[in-house]
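Reviewing the structure listed below.
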Protein chains: 2
Amino acid sequence: MTGQVRTVDGRVAGRRGQATRQKLLDCLSEMLSSSPYRDVKVIDVARKAGTSPATFYQYFPDVEGAVLEIADQVASEGAGLAELLAGRSWAGKAGWLTAQEFVDGFLEFWRRNDAILRVVDLGAAEGDKRFYKLRMKVLNAVNGPLADAVAELQSKGRVDKDVNPAAVAGSLVTMLSAVASHQKGFTSWGVKQAELRPNLALLVHLGITGRKPTK
Amino acid sequence: MTGQVRTVDGRVAGRRGQATRQKLLDCLSEMLSSSPYRDVKVIDVARKAGTSPATFYQYFPDVEGAVLEIADQVASEGAGLAELLAGRSWAGKAGWLTAQEFVDGFLEFWRRNDAILRVVDLGAAEGDKRFYKLRMKVLNAVNGPLADAVAELQSKGRVDKDVNPAAVAGSLVTMLSAVASHQKGFTSWGVKQAELRPNLALLVHLGITGRKPTK
DNA sequence: ACTTGTCCTGTCATGTCGTCAGCTTACCGA
DNA sequence: TCGGTAAGCTGACGACATGACAGGACAAGT
């Protein structure tokens, strides 16, 4: 479906080539976790993968190109986050459970792909359309369902008319992603990981339903 | 108060030197708004300031050093955000006004220092302690007062016992900063700037007081 | 005019980037 | 088994940013 993997100069990559390519991606991914994006050098990635810089340039136009490739994989995986919200209820005790499981699932996903999502976030904030698109791909997976939930409650008169579902949902989703990126910051406010989650779930529940959860 | 301005090699900078130094900072600051952080080169900053790269290195160890300098100025300015919350009430109509003005002031500050705050955010997320500290300096200015507000309402029994004030306040502040960085993302969700603000204020009010505002 | 200390720049060694020609390796049909 | 062909890899290279240094330019006081 995704077509053949091709090198920069147009050749189709065979088994061996794809392996090298993947190894380069893996090494890059690993390096992103341990050192700042800006400091990742082609030569380091190549060395780590046991090959030469020239080989890197056979498969990727530059570091950013390779990062986009990784980000694309992660974004595709992230689209699955929609399942956390599919067919869930926001009423009563079930609503509180929905909020909790959503927050847990989202944070877990973000924590797992910490480094790459950080780069995507920065790229998007700096106005790069390719990163922006990838960020949206992930966030839309949950933003749509959340906004729908608000809109539905609104149509039943349980949420004020002047609430903008997309704005509220988007703000909550943005909050979750940012909190996930800065979890360490909370420890210096004396907040432990375990305490953070229920409080985030509370905020999500409050934002979506406008009411405190029934526990 | 901040001591004399010194060059990298220890000389004290005179009038002329301070002027060039400031010009370099201004140019760097401007370049950060228009191009990605990674792409900012010393040679470009120097050229833009009408001087040479060597001059740049007289005043700053590297680009990051200069960025930290700018960030420090912004962080000091950001400490003034505390005034948005000093002595404000969270009850009734006054509470709604507090939330609105807080959100407006915070977003305005973030928008004004967009580029540099983005870099600080990334640096902090990547674990750089210097950036982390600066980010905290800004956020603490508002996080403390917000957490206090929650704690006070809690002591009056108007907020549940199991709410963690610091966690809620921190999450809300993180939300605001992230939303400010990604305002453009909301337009593709069909949310205009003007609609965003009241909805953010609503979320803040809900988070702090646990109740819908009385308008 | 001379001295002193600040300020700037030309120049250079170093290291990365990104490209290319050319060598090696794997696959395949005869 | 034996080429033939395409995939795969790398050494080498010009271009460029980095960061350090020494020495020239400049302003201010004597």
Side-chain angles (χ1 to χ4, degrees), chain A residues 2-28 30-32 34-69 119 123 128 130, chain B residues 2-28 30-32 34-69 119 123 128 130:
Chain A
T2 53
Q4 290 165 311
V5 177
R6 287 185 175 274
T7 58
V8 170
D9 52 334
R11 285 202 318 279
V12 287
R15 231 187 13 261
R16 189 154 70 113
Q18 294 207 22
T20 325
R21 200 184 121 98
Q22 191 57 49
K23 179 149 200 173
L24 285 167
L25 284 178
D26 292 344
C27 290
L28 171 57
E30 196 179 328
M31 295 191 69
L32 282 176
S34 56
S35 59
Y37 178 37
R38 276 175 314 121
D39 294 351
V40 172
K41 309 288 180 201
V42 171
I43 198 171
D44 296 324
V45 179
R47 193 149 36 211
K48 193 180 180 76
T51 180
S52 73
T55 301
F56 181 95
Y57 287 108
Q58 272 209 327
Y59 296 105
F60 310 103
D62 49 26
V63 174
E64 195 166 286
V67 167
L68 277 166
E69 181 92 19
V119 177
D128 187 307
R130 298 165 302 173
Chain B
T2 54
Q4 290 165 310
V5 177
R6 286 185 176 275
T7 58
V8 170
D9 52 335
R11 285 203 318 279
V12 287
R15 223 181 30 254
R16 192 154 68 112
Q18 295 207 22
T20 18
R21 198 184 122 99
Q22 191 57 48
K23 179 149 200 174
L24 284 167
L25 284 178
D26 292 343
C27 289
L28 171 56
E30 196 178 328
M31 296 191 68
L32 283 176
S34 56
S35 57
Y37 179 36
R38 275 178 317 123
D39 295 350
V40 172
K41 308 290 179 199
V42 171
I43 199 172
D44 296 323
V45 179
R47 194 152 32 212
K48 193 181 180 77
T51 180
S52 73
T55 301
F56 181 94
Y57 287 108
Q58 271 208 326
Y59 296 106
F60 310 101
D62 48 27
V63 175
E64 193 166 289
V67 166
L68 276 167
E69 181 92 18
V119 177
D128 187 306
R130 297 165 303 172

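The sequence lines fix the lettering, A, B, ..., with proteins before strands; numbering per chain opens at 1. Atom set for the values below is all heavy atoms of this structure, side chains included, hydrogens, waters and symmetry mates excluded.
Checking the phosphate oxygens (OP1, OP2) of D/dG8, no side-chain nitrogen or oxygen of A/R15 falls inside 4.0 Å. Within the structure, every side-chain polar atom (N or O) of B/Y57 is placed at least 4.0 Å from both OP1 and OP2 of C/dC8. Taking 4.0 angstrom as the limit, B/T20 places none of its side-chain polar atoms (N or O) nearer than this to OP1 or OP2 of C/dC7. Distances shorter than 4.0 Å separate none of the side-chain N or O atoms of A/T7 from OP1 or OP2 on D/dG8. The side chain of B/T55 places no N or O atom within less than 4.0 Å of a non-bridging phosphate oxygen (OP1 or OP2) of C/dC7.
When each of B/V63 and B/A54 is assigned the nucleotide of DNA chain D with its nearest heavy atom, B/V63 is the one assigned upstream, toward the 5' end. Residue B/R16 is the one, among B/R16 and A/K41, whose nearest nucleotide of DNA chain C lies closer to the 5' end (criterion: closest heavy atom).
Atoms CZ (A/F56) and P (C/dT16) sit 15 Å apart, rounded to a whole Å. Note: CZ (A/F60) to C1' (C/dC17) measures 17 Å, nearest angstrom. D/dA17 atom C1' lies 13 Å from atom CE of B/M31, rounded to whole Å. One atom, CG of B/D62, and another, C1' of D/dG19, lie 10 Å apart when rounded to the nearest Å. Between the CG atom of B/D39 and the C1' atom of D/dA17 there is a distance of 13 Å, given to the nearest Å. Computed from coordinates, the A/R21 CZ to D/dA7 P distance equals 15 Å when rounded to whole Å. The separation between B/D44 atom CG and D/dT18 atom C1' is 13 Å, rounded to whole Å. Distance CG (A/L24) to C1' (D/dG8): 12 Å, rounded to an integer number of Å.
The side chain of B/Q58 lies closest to C/dC7 when the candidates are D/dA7, C/dC7, C/dT19. Of the candidates D/dT10, C/dC17, C/dC8, C/dC8 carries the atom nearest the B/Y59 side chain, counting heavy atoms from C-beta on. In this structure, of C/dC17, C/dC7, D/dC9, it is C/dC17 that holds the atom nearest to the side chain of A/V42. Minimum atom distance to the side chain of B/I43 is reached by D/dA17, of the listed D/dA17, C/dT9, D/dG8.
No side-chain heavy atom of A/V45 sits less than 4.5 Å from a side-chain heavy atom of A/V63. The shortest distance between side-chain heavy atoms of B/Y57 and B/V42 falls below 4.5 Å. Contact check for B/Y37 versus B/E64: side-chain heavy atoms found under the 4.5 Å cut-off.
Salt-bridge annotation for B/K41 and B/D39: absent, with no side-chain N of the basic residue lying under 4.0 Å from a carboxylate O of the acidic one. In summary, B/R47 and B/D44 engage in a salt bridge, as defined by a charged side-chain N under 4.0 Å from a carboxylate O.
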